[in-house]
Peer 1: 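Provided herewith is a single structure, encoded as structure tokens, for subsequent inquiry.
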Amino acid sequence: MMKNTFAILALSCLLVFSACKKSEVETNVDKTEKNLHKNFTIDSVKVNDSIQLSDSLKVRFFSKMLVFPGIKDRKLLDSIYFGDKNIRAFSKAGLQALLEKRKNDYFNKARKDSKDFLSDLTFSQEWYSDTGMNVKSNINDYLHIQYVWGSYEGGAHDNYGFSERVFDLKNNKKVELKDITSLSESKLQGLLMKNINKINSDTTDGNGQVNNSEMLLVEVIPVTENFYFDGKSLYFHYSPYEIAAFAAGDITIPVSWQELQGTLNPAFKERMKIN
């Protein structure tokens with residue numbers, strides 16, 4: 001439990017960008033643009049604010065969204081932002097307005113949800129909602145974005161999670177698993193079970209070996225849509241409670257390209273230069 005508390009705190013600190021005071025609303029766009037690819041730039045907007053609902057309860061909101069000035073295809077942009085109907089425009093101003101609305105909605109909900117028990121709080125609490133977007137890679141015009149969130153609104157511990165999405169910038173679409181491999185779901189589930197103890201866990205035995213399998217809550221690991229890839233493997237990312245106990249943390253399971261030989265989409269294999 002302690003390891004996960006530190007992991008969550010680290011995630012929150014990463015999202016909040018401690019240089020900004022919690023009491024201030026960030027209305028300025030991040031001035032640093034990343035050049036991950038020729039003619040491909042990334043900017044960002046964010047909001048960071050908090051309110052004090054009582055002597056014992058503080059509520060904090062932080063959110064960061066990436067802006068892609070070079071992407072013009074509306075269908076692709078809609079996919080990147082999960083089809084949010086509250087987005088008036090995919091510009092900096094449009095996304096900033098969205099974050100302000102989300103902040104106000106969150107604060108209003110917190111006021112309502114806490115109204116009945118504020119007087120009963122016996123110790124100080126800080127509720128929070130942190131969300132962010134991070135570009136992890138742009139390989140061969142495959143853009144990998146990781147969406148992260150963390151929250152606490154009372155209870156035994158914080159919650160956090162991840163969503164991985166890869167976008168095909170050449171064909172203006174979100175990459176689906178069928179674009180990568182034709183391997184059947186049942187065989188892929190077998191590979192996931194076989195490789196579950198390979199990487200990324202807070203749970204180890206006395207020798208430092210990963211013990212994800214001992215923390216499983218499912219008999220069959222589902223094939224998640226939270227996947228990404230690099231030159232070596234396809235990776236499936238599971239948030240806490242998705243397949244294992246919270247103490248296991250988030251789990252990433254790799255499936256190597258060698259294990260998928262004979263099932264890879266020829267066009268994908270050539271574009272990724274997989275031998």
Side-chain angles (χ1 to χ4, degrees), residues 3-4 7-8 10-11 14 79-80 82 131-150 159-169 171 173-204 209-269 271-275:
K3 289 182 179 179
N4 285 282
I8 295 164
L11 174 65
L14 181 64
S79 183
I80 289 174
F82 289 86
T131 60
M133 295 171 64
N134 301 296
V135 169
K136 306 300 289 185
S137 66
N138 184 5
I139 305 172
N140 301 317
D141 284 324
Y142 287 119
L143 177 67
H144 171 203
I145 301 176
Q146 182 183 79
Y147 306 78
V148 297
W149 65 270
N159 290 303
Y160 66 100
F162 304 83
S163 179
E164 312 284 354
R165 300 187 123 199
V166 181
F167 300 94
D168 184 344
L169 299 182
N171 298 301
K173 68 171 189 173
K174 177 180 175 292
V175 177
E176 306 293 341
L177 201 55
K178 64 183 179 180
D179 299 323
I180 299 173
T181 178
S182 61
L183 191 68
S184 68
E185 183 176 5
S186 61
K187 289 184 178 179
L188 195 47
Q189 288 171 341
L191 289 173
L192 291 171
M193 185 65 77
K194 171 177 172 286
N195 296 341
I196 188 173
N197 289 327
K198 286 197 171 181
I199 60 174
N200 197 30
S201 174
D202 287 337
T203 308
T204 60
Q209 298 297 311
V210 176
N211 276 339
N212 289 329
S213 56
E214 296 184 3
M215 306 291 285
L216 279 178
L217 300 174
V218 296
E219 294 183 1
V220 176
I221 299 175
V223 179
T224 179
E225 289 297 312
N226 281 357
F227 65 81
Y228 60 95
F229 49 82
D230 60 18
K232 297 180 179 180
S233 300
L234 177 63
Y235 302 90
F236 295 86
H237 196 176
Y238 299 87
S239 295
Y241 287 130
E242 198 169 352
I243 61 171
F246 184 82
D250 61 296
I251 296 173
T252 301
I253 306 177
V255 178
S256 70
W257 296 132
Q258 290 181 337
E259 292 174 300
L260 294 172
Q261 279 293 352
T263 72
L264 293 176
N265 180 303
F268 174 81
K269 183 177 180 180
R271 186 163 154 186
M272 284 297 294
K273 301 176 177 60
I274 300 171
N275 296 324

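If you're wondering where the values come from, they're calculated on a predicted model, not measured in any experiment.
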Peer 1: I'd like to know whether H237 forms a side chain to side chain contact (heavy atoms under 4.5 Å, CB included) with T224, so could you lay out the CA-CA distance, the side-chain angles of the two residues, the decisive distance to 0.1 Å, and finally the verdict.
Peer 2: CA-CA 8 Å; H237 196 176; T224 179; 6.0 Å; no
Peer 1: Give me the atom names and distance for the closest heavy-atom approach of M272 to D230.
Peer 2: CE-O, 3.7 Å
Peer 1: Do the ring planes of Y142 and F268 sit parallel (below 30°), tilted (30 to 60°) or perpendicular (above 60°)?
Peer 2: tilted
Peer 1: Rounded to the nearest 0.5 Å, what separates atom CD1 in I253 from atom CD1 in I221?
Peer 2: 4.0 Å
Peer 1: Any side-chain to backbone donor/acceptor pair from N265 onto A267? Under 3.5 Å, distance only.
Peer 2: yes
Peer 1: About how many Å separate OH of Y241 and OH of Y160, when rounded to the nearest 0.5 Å?
Peer 2: 10.5 Å
Peer 1: Taking all non-hydrogen atoms of both residues, which atom of P222 and which atom of I243 are closest, and how far apart?
Peer 2: CD-CG2, 3.8 Å
Peer 1: Measuring from S163:OG to M133:CE, what's the distance to the nearest 0.5 Å?
Peer 2: 10.0 Å
Peer 1: Side chains of E259 and N195: closer than 4.5 Å at any heavy-atom pair?
Peer 2: yes
Peer 1: Minimum heavy-atom separation for Y235 and F229, please, with both atom names.
Peer 2: CD1-CA, 4.1 Å
Peer 1: Closer than 3.5 angstrom, by distance alone: can the side chain of N212 be matched with the main-chain N or O of N197 as a donor-acceptor pair?
Peer 2: no
Peer 1: Do you know which two heavy atoms are closest between Y147 and I80, and how far apart they sit?
Peer 2: OH-O, 2.7 Å
Peer 1: Classify the ring geometry between F227 and F236 as parallel (under 30°), tilted (30 to 60°) or perpendicular (over 60°).
Peer 2: tilted
Peer 1: Can you find a pair of side-chain heavy atoms, one from E225 and one from R165, that are under 4.5 Å apart?
Peer 2: no
Peer 1: Testing the basics here: between S79 and F167, what is the closest heavy-atom pair and its distance to 0.1 Å?
Peer 2: OG-CE2, 3.4 Å
Peer 1: Within the structure provided, determine whether V223 and Q189 are in side-chain contact (heavy-atom separation under 4.5 Å).
Peer 2: yes
Peer 1: Taking E164 first and then K136, would you say they form a salt bridge - that is, a charged N and a carboxylate O separated by under 4.0 Å?
Peer 2: no
Peer 1: Decide yes or no for V166 and L143: does some side-chain heavy atom of the first lie under 4.5 Å from some side-chain heavy atom of the second?
Peer 2: no
Peer 1: Quick one, W257 and K269 - any side-chain contact, counting heavy atoms below 4.5 Å?
Peer 2: no
Peer 1: Nearest 0.5 Å, please: how far is CG in L191 from CD1 in I196?
Peer 2: 13.0 Å
Peer 1: Check this for me: does any side-chain nitrogen of one of R271 and D179 sit under 4.0 Å from a carboxylate oxygen of the other?
Peer 2: no
Peer 1: Please check this pair: side chain of S137 against backbone of I139, looking for a donor-acceptor N/O pair closer than 3.5 Å.
Peer 2: no
Peer 1: Short question: side chain of T131, backbone of W149 - any donor-acceptor pair under 3.5 Å?
Peer 2: no
Peer 1: Between N226 and E242, does any side-chain donor sit less than 3.5 Å from a side-chain acceptor?
Peer 2: no
Peer 1: From I274 CD1 over to Q258 CD, what is the distance, rounded to the nearest 0.5 angstrom?
Peer 2: 11.0 Å
Peer 1: Using the side chain to side chain contact (heavy atoms under 4.5 Å, CB included) definition, which of the options L188, V255, L177 pairs with L183?
Peer 2: L188
Peer 1: Specify whether Y228 and H144 have parallel, tilted or perpendicular ring planes, treating 30° as the upper limit for parallel and 60° as the lower limit for perpendicular.
Peer 2: parallel
Peer 1: So which heavy atom on A247 is nearest to which on M215, and how close?
Peer 2: CB-CE, 3.6 Å
Peer 1: Is there a donor-acceptor contact under 3.5 Å from the side chain of D168 to the main chain of N171?
Peer 2: yes
